[in-house]
Amino acid sequence: MSVGDFRAIKAELFQKRVLDWYDVSKRQMPWRETKNPYFIWISEIMLQQTRVETVIPYYERFIKNIPTIEALAQIDEDELLKYWEGLGYYSRARNLQKAAKQIIEVHAGVFPRNRNELENLAGIGPYTAGAILSIAFDKREVAIDGNVLRVFARLSGIREDISKPATIKQITHLVEELIPSSRNGDYTQSLMELGATICLPNGKPLCKQCPLKELCVAKNESLQELIPLKTMKKKRTIQQKTILVIMNEDNQVFIRKRIEDGLLKGMWEFMMMDSHLSVEEVITSLEKQYFQIKQILPLLPSTHIFSHLEWEMKAYKIVVNQYPKDLDGMFVSIQSLIKEYSLPTALKAYKDYVKEQMK
DNA sequence: AAGGCGGGGTG
DNA sequence: CACCCAGCCTT
């Protein structure tokens, strides 16, 4: 069998198999209870590279507190990031607000309903545009995510690297040819659901339970564990950091906002240095910045793994009784730190330490 | 075309 | 540990 053989199958058979399976097997998700494009949009952005179970509580809290495009456009950035804290890929939150403003200014507050206008909004690419159009508006558009790429690579026996644009284009055409005459939103979701629950990655598909097993080239050729082809991945680079949890005599802690770096941009952090510093080096560096140090105490080192790099963190708690006025950050109370400012999960160990200092 | 961008679940 | 997740953006 080949891609050609797969294309020869009856579209109606394929559609009936996958939609019937979806009706019986779909999981419950809060965004499946609505057609409100704003809600669908929020869910799709949160779901980018993020598992369904992780998203659900974030989604519930977000739409409860920021229920409309207008509310999203007007919210303070730090408050917005607070709702995103721990979810990762924080540019998604900033792009969400940028897009909300675009919708109000360019589209008079009316949610766009064609692919071109959607893809011109910040943070919306081909997948998200297709998802919103098919799910919220029942338009004849497809949404190609990692699940759909894997499902269709196996179904049609494609041996190419599924991350290559040419392969994505080829699969996009196959998915488009099979759009049903109705229920396209369910069609979109059924393909992703199949990938997430049956046609699993890492050579572990549950083919016996698959409603499409008779139509699957990979299954019929016993290639389902070899497809899709895995791409070589780059090794993580390791960075050494020294975290300085600086507190003043009023039990306030020093934080500053990350601006210049792409990584964790917009998030707040403790003072950090780019290498491992000894007690003496820390003291020298802080005195050079006109801090007067009253006490310095080593904290437990910790490690945080990002997808593309790794932080090896040494840390110190430092109590100062005097500090310069022109700081690139500020001292805030511990309660305020917890309630109002978003810190990356990478700093969780030291945020937890600060929490314990609350009196 | 390739790499940056978080955090967590899973085997 | 490595892989991958309802991807998008920049270079």
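Atoms considered below: every heavy atom in the structure, side chains included; atoms not considered: hydrogens, waters and symmetry mates. Residue numbers begin at 1 in each chain, while the letters A, B, ... track the order of the sequences.
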Could you tell me how far apart A:E310 (CD) and C:dC3 (P) are, to the nearest whole angstrom? 15 Å

Could you check whether A:R32 gets within reach of a base, just the sugar-phosphate, or nothing at all, counting any heavy atom under 4.0 Å? base

Using whole Å, what does the distance between atom C1' of nucleotide C:dA6 and atom NZ of A:K26 come to? 16 Å

With a 3.5 Å distance limit and no angle check, can you tell me whether A:S134 reaches the backbone of A:N184 through a side-chain donor-acceptor pair? no

So, the side chain of A:R27 versus the backbone of A:T197: is there a donor-acceptor pair under 3.5 Å, distance only? no

So does A:C210 get a backbone contact from the side chain of A:R17, meaning a donor-acceptor N/O pair under 3.5 Å? no

I'd like to compare against my own output: the B/S/- annotation of nucleotides 2-11 of chain B with a strict under-4.0 Å heavy-atom distance to protein. --SBBBBB--

If I pick the P atom on C:dA6 and the same atom on B:dT10, what distance separates them, to the nearest angstrom? 12 Å

Below 6.0 angstrom between ring centroids: does that apply to A:Y89 and A:W84? no

Basic-acidic side-chain contact under 4.0 Å: A:K64, A:E60: no

Check each residue of residues 113-150 of chain A for a non-hydrogen atom within less than 4.0 Å of any atom in DNA chain B, then write out the ones that pass by number, or none. none

Could you go through the side-chain contact (heavy atoms from CB on, under 4.5 Å) check for A:E44 and A:I124 one step at a time? CA-CA 9 Å; A:E44 290 300 342; A:I124 297 187; over 6 Å; no

In whole angstrom, give the distance that lies between atom CG of A:L200 and atom C1' of C:dC5. 12 Å

C:dA2, OP1 or OP2 - any side-chain N/O from A:R236 closer than 4.0 Å? yes

For the C1' atoms, the ones on C:dC8 and on B:dG9, what distance do you get once it is rounded to whole angstrom? 23 Å

Does A:L47 or A:N95 map to a spot on DNA chain C nearer the 5' end, using the closest nucleotide for each? A:L47

Taking any heavy-atom pair under 4.0 Å as a contact, classify A:W31: base, sugar-phosphate, or nothing. base

Minimum side-chain heavy-atom gap A:L286-A:Y323 below 4.5 Å: no

In whole Å, what is the span from the CG atom of A:D161 to the C1' atom of B:dA1? 12 Å

Please give me the minimum heavy-atom distance between A:Y350 and A:L300, naming the atom from each residue. OH-O, 2.7 Å

For A:E312, does its backbone N or O pair with a side-chain atom of A:H276 as donor and acceptor, under 3.5 Å? yes

